[in-house]
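Shown next, in structure tokens, is the structure this report addresses.
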Amino acid sequence: MIVEMRRGATQEQIDAVIERARKYGFDTQLNIGTDKVVVAILGSDTGMVPTEVFGVLPGVESVTRIMRPYKLASLEFKSEPTQVQVGDVIVGGKRVIVMAGPCSIESPEQLRATARHVKQHGASIIRGGAFKPRTSPFSFQGLGEEGVRLLGQLRQEMHVPVVSEIMDVRHLDVMVEHVDLLQIGARNMQNYTLLRAVGQSGKPCILKRGLAATITEWLQAADYLLAVGGSVILCERGIRTFEPSTRFTLDIAAVGVVKRNSHLPVIIDPSHAAGHYEIVPTLARAAVAAGADGLLIEVHPDPTNALSDGLQSLTFSDFARLMLEMKAIAAAIGRSI
Ligand code: PEP
Ligand code: MN
């Protein structure tokens with residue numbers, strides 16, 4: 001961390017910065033210029049300390065970070081890619097893992113038909129929302145616990161792992177019982193009470209990037225989960241920008257940025273980013289080409305009558321075609337689907 005003192009800062013003020021650094025167990029190095037003094041704060045854990053610890057001291061002009069503000073999620077902490085086991089499926093290996101299913105579970109028939117189809121075409125984890133975070137409180141909120149139980153039945157019947165979003169710590173027990181992979185939605189990325197509970201649950205989780213979160217903030221949230229023993233798959237699902245023609249703007253570069261800075265697997269949700277079924281395949285193909293470790297895709301037997309996100313849901317035939325295309329792209333970069 002670099003602390004730049006104001007022009008004319010007193011020796012007493014500089015000493016206070018050095019003293020505070022010592023209190024945190026850091027070394028310091030002084031750079032005395034003709035106009036200004038700069039204090040370098042040295043130590044491997046400076047990233048964990050908020051910059052305001054020094055920023056509040058009198059005579060300090062600015063504080064700049066050098067170290068990343070996350071640790072357990074970083075490549076410095078662990079240089080080998082992490083593989084996350086979900087049932088008997090490995091996320092973060094050579095195989096690109098496709099997770100697919102309806103936005104919301106609407107009925108046993110709808111869930112079963114979708115699961116059967118996507119599995120037959122190469123999906124290895126089934127998604128299905130039971131507790132739905134909807135933009136409007138008047139929209140369908142999901143089947144709740146009944147939906148979770150339907151997922152539990154499906155996983156037994158079809159021997160396939162299932163993923164669903166957890167929105168409230170009060171649902172943890174029922175979800176842990178019936179679901180293999182817990183999803184933390186974009187709107188809850190910084191809900192630390194939820195992160196702590198999920199991290200301690202013993203189940204792996206998907207951590208979606210917040211609608212307006214930086215990649216650093218996302219990795220800091222991942223650190224929270226890792227610190228309590230969690231097992232994390234990151235998911236880029238589009239961020240809010242000034243562009244209104246897609247629901248969100250998919251930050252495809254996030255795959256490369258995560259790989260450059262973290263050992264955690266990263267998947268892409270092209271459905272919530274695109275917001276439209278005609279654009280979903282474009283983003284899904286790009287995700288595989290970019291090196292994503294998996295995809296999370298919404299599929300519905302009858303999107304025109306879906307209770308949620310019908311516009312971005314793929315039909316069965318669209319999904320089957322996309323799987324063929326993605327398999328070819330994966331093969332071209334030495335991976336499989
Ligand atoms: C979802 O995957 O069902 C969902 C609501 O996604 P997000 O949290 O990314 O909006
Ligand atoms: Mn959805």
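The chain is numbered in sequence order, starting from 1. Bear in mind the structure is a predicted one, so any value in this text is a computation, not a measurement. Numbering of ligands and ligand atoms starts at 1, following listing order.
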When distances are taken from atom 8 (O) of ligand 1, the protein heavy atom at minimum range is A186 N, 2.8 Å
One finds that the ligand 1 atoms under 4.0 Å from a non-hydrogen atom of P133 are 5 (C)
Test side-chain contact (heavy atoms from CB on, under 4.5 Å), reference I14, set V37, V3, I32, output is V37
For atom 1 (C) of ligand 1, the closest protein heavy atom turns out to be H272 CE1, 3.3 Å
Q) Does atom CD of Q29 have more than 12 heavy-atom neighbours, drawn from other residues, nucleotides or ligands, at distances under 6.0 Å? A) no
Looking at D309, the N/O/S atom that lies nearest to the Mn ion (ligand 2) is called OD2
task = Verify the distance criterion only: is there a donor paired with an acceptor across the side chains of Q141 and S139 at less than 3.5 Å?
result = no
Near G185 (heavy-atom distance under 4.0 Å), the atoms of ligand 1 are 8 (O)
Checklist entry - Quick one: are F26 and M1 in side-chain contact, heavy atoms under 4.5 Å? => result no
Under 4.0 Å between heavy atoms, the region of S271 that gets near ligand 1 turns out to be neither
Restricting to heavy atoms, the pick from K132, M99, E236 nearest atom 3 (O) of ligand 1 would be K132
For atom 9 (O) of ligand 1, the closest protein heavy atom turns out to be R237 NE, 2.6 Å
- [ ] Measure the acute angle between the ring planes of Y192 and Y224, then classify it against the limits of 30° and 60° as parallel, tilted or perpendicular.
- [x] parallel
Would you sort out whether N305 and H300 count as a side chain to side chain donor-acceptor pair (under 3.5 Å), showing the intermediate values?
CA-CA 9 Å; N305 289 302; H300 195 283; over 6 Å; no
re atom 6 (O) of ligand 1, the protein heavy-atom contact at minimum distance is K208 NZ, 2.9 Å
Within 4.0 Å of some non-hydrogen atom of R127, the atoms of ligand 1 are 1 (C), 2 (O), 3 (O)
Restricting E298 to its N/O/S atoms, the closest one to the Mn ion (ligand 2) is OE2
*asked:* If we count only N and O atoms by modelled type, under 3.5 Å, do the side chains of H263 and E80 hold a donor and an acceptor together?
replied: no
Contact check, C103 vs ligand 1, heavy-atom distance below 4.0 Å | no
Next item on the list: Assess R237 against F248: is NZ or CZ under 6.0 Å from the centre of the six-membered ring, and within 45 degrees of the ring's axis?
Entry: yes
